[in-house]
Amino acid sequence: MIKIDLAGFHDLSISREWLETDGRGGYATSTLENRHTRKYHGLFVANLPKPAGRCVLLSKIEDSLINRQEEHFFTSHLYPGLVFPPEHTPLADFSFDHFPSFTYRIGSITIKKSLLLPADKSVLLVRYDLDKCPRGGILRLKPLLAFRGYHELSKENGYLQNRLEMLTNGFSLSPYEGMPAIVFQTSRGSGFIPVGAWYRRFQYNEEINRGFAGEEDLFMPGIIDIPVERKCTVILSVALDKSLKNSPAAWQTETVRRGRERTIDKKHAAGLEDEDGKLYLSLLQAGRQFLIKTPSGKSAIIAGYPWFDSWGRDTLISLSGLCFHAGRLPEGIEVLKEISLHEKDGLFPNFFTADGTPDAYNTVDSSLWYFWTVQELLQATSDTELIRTYFWPVMKRIIRSFLAGTRFETGIDNSGLLHAGNPGIALTWMDAMVNNKPVTSRHGRPVEINALWYNALCFSRELADQFGESELVDPGFIPHLRTAFQETFWNREDNCLGDVWNNGILDRAIRPNQLFAVSLPFSPLDDEEQKAVVQAAREHLLTPFGLRTLSPSDPEYRGLYIGNPAERDSAYHQGTVWPWLLGAFGQAALKTAADKEQERENLKKYLRAFLKKHLSEAGIGSISEVFDGNEPHNPGGCIAQAWSVAELTRLYSLLIRA
């Protein structure tokens, strides 16, 4: 459990964000003050089948306790030049165990507010546990509706239909044609006062700071008043239909289910020392949030909350840490089977729509990461028949497509090295574009693409031998490729690998992509070259929160990930730190260390320091997408990123189970 004491530290409560997910791609998230700073914040963000995609339905609830003619607010709003309420909310502490909980103290009165999204249901439960509440108290709830796509903003309009259907202890509202109805009900006797008013100009500073529009109008249909006294519990249910009859029972069922999940995670982490065990359990819990079933029932991985959908590359890199190293083999196999269905011309989709439909086959490395993911699965299961049945046919098609040449000028040259792309497109993970041009131009022969290609061919040769099949390439192809890799990419001036070879020129930029030539199961480098690559990464790229994407000594280095979209994209892979790269670095460092036990302890100490600081500083309980390249390495991007959590989980698992 993560617990944060907020007494006297309210200025920090809007820079920390919490996240609750429903296993369907929906979520609830905001700051600790429940003062929204992003358009993506919301209490009930559902992944809908129609209209397809995530929609912010209930943005927030202005909740308060009226006691002796005084009103104490638990939620904060920012308007232009004004914070309401002007004083801080009475938030005393925040905890995250099975679900996020906020404790408020008003004199001797204690109010604990908890939020829960039951798995695989379109329901939000908000629970208020009150203690020592005097007679005559009223819990007042004002729901504020957005009903818009999560990338958008709502504005006051004349299309909203404020037609209420009154229910026992609640109401139902269908505000827009083509959108679902929303149902509010309380577990305790309540009254409802229809209002039908727009609250205008909520201000979201994170959006403004990121160069986007950041003002929104929200609709308040009415006021829910619940009489409370002494020690009592109120549960507000917010749902997309009227089928939820018993919210206390739904709450109990979901907490029991999550308790079973925690027991499973504890068994998986059995035998770990106290500190390592707690941190590893936090990673396991964070990892569950990314595993979903789409509205159409497909298994998928959300690349990051709150604004990413499912991405092909991210899914394949994340599967090992989220599933194979986390005791979730059936879930991982289902995701891998699903993505296997979408190979086309040797390529995988770059991303999937909200309902799991593939789109944009503009990535070259996803196909090669597929081989590594299968390697990780095979290591976890030793089930060669599973590989032969479901994944080996896909692997063979990929290799044949690359050998023959496929989309985006992807194919091999006389040396056997893979080339891909042109100056106008970005096909690797460093794919940021500004003014329709790649920021990090990597067309030609990128180093990690060819390290992955070499690994894929070696693994395929191994499988072909086990399956009694002929090799997919001539016997001399792989040794020839290994020699070509060393001769093409070795940067003698800096004693490490260059990043891209194109038109006879080696880009000598020191980037983390070279690490995959060491960390992958089959390396095209000799032992001394592998050690030199790790040393270069350690000296130029390693920070307390991951690896920089470019050496600070490079004139193209950008140390801050801030500003408008173009400014941020210009820094995204030009020095910005990415935690997911720690998986490759840690594995490479351990592989090449002279004293492996000492290196293992150093890496464990590093991860402990990272997690102890970061798990409560940004997206509470999860790992951010990126950090600034410059000190103090402030976190940025998504507050919860799948491959950040996955690769730290995988590395931790490798270190503590060795």
Side-chain angles (χ1 to χ4, degrees), residues 2 13-14 16-48 53-63 74-77 89 91 94-102 112-128 141-151 154 180 182-185 202 204 206 216 218 234-240 244 247 250-251 254-255 257-258 285-286 288-292 295 302 304-309 354 618-622 638-640:
I2 295 174
S13 61
I14 61 166
R16 298 175 178 181
E17 300 170 59
W18 54 269
L19 174 68
E20 166 71 358
T21 60
D22 67 1
R24 297 161 58 108
Y27 65 83
T29 184
S30 188
T31 65
L32 294 188
E33 285 269 9
N34 287 294
R35 182 193 306 170
H36 291 353
T37 59
R38 305 181 190 271
K39 61 188 174 188
Y40 300 100
H41 284 156
L43 293 190
F44 191 28
V45 184
N47 194 18
L48 302 176
R54 280 180 272 187
C55 290
V56 181
L57 302 177
L58 174 65
S59 177
K60 63 197 311 186
I61 297 171
E62 184 179 283
D63 44 4
F74 310 137
T75 295
S76 176
H77 314 307
T89 64
L91 181 62
F94 170 85
S95 62
F96 183 78
D97 190 8
H98 293 313
F99 42 77
S101 295
F102 310 78
K112 184 178 182 181
K113 178 173 72 174
S114 306
L115 296 101
L116 195 63
L117 293 171
D120 304 322
K121 301 181 187 300
S122 293
V123 175
L124 164 71
L125 300 176
V126 186
R127 175 172 175 148
Y128 298 86
L141 309 177
K142 298 178 182 177
L144 294 159
L145 306 180
F147 268 75
R148 43 87 173 170
Y150 74 141
H151 293 306
S154 68
I182 191 167
V183 181
F184 293 83
Q185 287 186 289
F202 291 90
Y204 306 146
E206 281 297 318
E216 176 162 54
L218 300 172
V234 177
I235 298 178
L236 171 71
S237 65
V238 186
L240 296 187
L244 184 67
S247 55
W251 185 280
E254 179 62 15
T255 54
R257 190 195 68 81
R258 295 190 186 197
Q285 184 176 7
R288 287 189 185 276
Q289 295 180 317
F290 303 101
L291 300 171
I292 73 161
I302 290 290
Y305 291 98
W307 55 74
F308 280 115
D309 284 312
I620 298 168
S622 198
C638 278
I639 62 169

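Keep in mind that the numbers below use all heavy atoms, side chains included, and drop hydrogens, waters and symmetry copies.
Between the side chain of Arg127 and the backbone N or O of Ile235, no donor-acceptor pair lies under 3.5 Å. Of the possible polar contacts, one joining the Gln285 side chain to the Asp97 backbone as a donor-acceptor pair under 3.5 Å is found. Formation of a donor-acceptor pair under 3.5 Å by the Asp22 side chain with backbone atoms of Leu117 is not found in this model. With Tyr150 contributing its side chain and Trp307 its backbone, the two residues share a donor-acceptor pair below 3.5 Å.
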Problem set entry | Leu141/Val126 under side-chain contact (heavy atoms from CB on, under 4.5 Å): CA gap, chis, key distance, verdict | CA-CA 11 Å; Leu141 309 177; Val126 186; over 6 Å; no
For this session: Show your working on side-chain contact (heavy atoms from CB on, under 4.5 Å) between Tyr27 and Gln289 and close with a plain yes or no.
Result: CA-CA 9 Å; Tyr27 65 83; Gln289 295 180 317; over 6 Å; no
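Looking at heavy atoms from C-beta onward, Val183 lies out of side-chain contact with Leu244 at the 4.5 angstrom threshold. For the pair Ser247/Gln185, no side-chain contact is recorded, criterion being any heavy-atom separation below 4.5 Å from C-beta on. The closest side-chain heavy-atom distance from Thr89 to Phe74 is not below 4.5 Å. Looking at Leu218 and Ser154, their side chains come closer than 4.5 Å, going by heavy atoms from C-beta outward. Side-chain contact between Leu43 and Val238 is absent, with no heavy-atom pair separated by less than 4.5 Å. Between Ser622 and Phe96, the closest side-chain pair of non-hydrogen atoms is not below 4.5 Å. Looking at Val45 and Tyr40, their side chains never come closer than 4.5 Å, going by heavy atoms from C-beta outward.
Among residues two or more places apart in sequence or in another chain, the side-chain contact (heavy atoms from CB on, under 4.5 Å) test is passed with Thr37 by Thr31, His41, Glu206. Partners of Phe102 according to the ring pair (Phe, Tyr, Trp, His ring centres under 6.0 Å) rule, which considers only residues two or more places apart in sequence or in another chain, are Trp18, Phe94. The side-chain contact (heavy atoms from CB on, under 4.5 Å) test applied to Ile292 returns Thr294, Ala300, Ile302, Tyr305, not counting sequence neighbours. A search for ring pair (Phe, Tyr, Trp, His ring centres under 6.0 Å) contacts involving Phe99 returns Trp251, not counting sequence neighbours. Qualifying side-chain contact (heavy atoms from CB on, under 4.5 Å) partners for Pro118, counting only residues two or more places apart in sequence or in other chains: Lys121, Val123, Leu125, Glu254.
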List the atom pairs, with distances to 0.1 Å, where a side-chain N or O of residues 56-63 and a protein N or O form a donor-acceptor pair under 3.5 Å, not counting sequence neighbours.
from: Ser59; atom 1: OG; to: His36; atom 2: NE2; distance (Å): 3.4
from: Lys60; atom 1: NZ; to: Asn34; atom 2: O; distance (Å): 3.3
from: Lys60; atom 1: NZ; to: Ser76; atom 2: O; distance (Å): 2.9
from: Lys60; atom 1: NZ; to: His77; atom 2: ND1; distance (Å): 3.0
from: Glu62; atom 1: OE1; to: His77; atom 2: NE2; distance (Å): 2.7
from: Glu62; atom 1: OE2; to: Lys142; atom 2: NZ; distance (Å): 3.4
from: Asp63; atom 1: OD1; to: Thr75; atom 2: OG1; distance (Å): 2.6
from: Asp63; atom 1: OD2; to: Lys113; atom 2: NZ; distance (Å): 2.9
from: Asp63; atom 1: OD2; to: Tyr128; atom 2: OH; distance (Å): 2.7

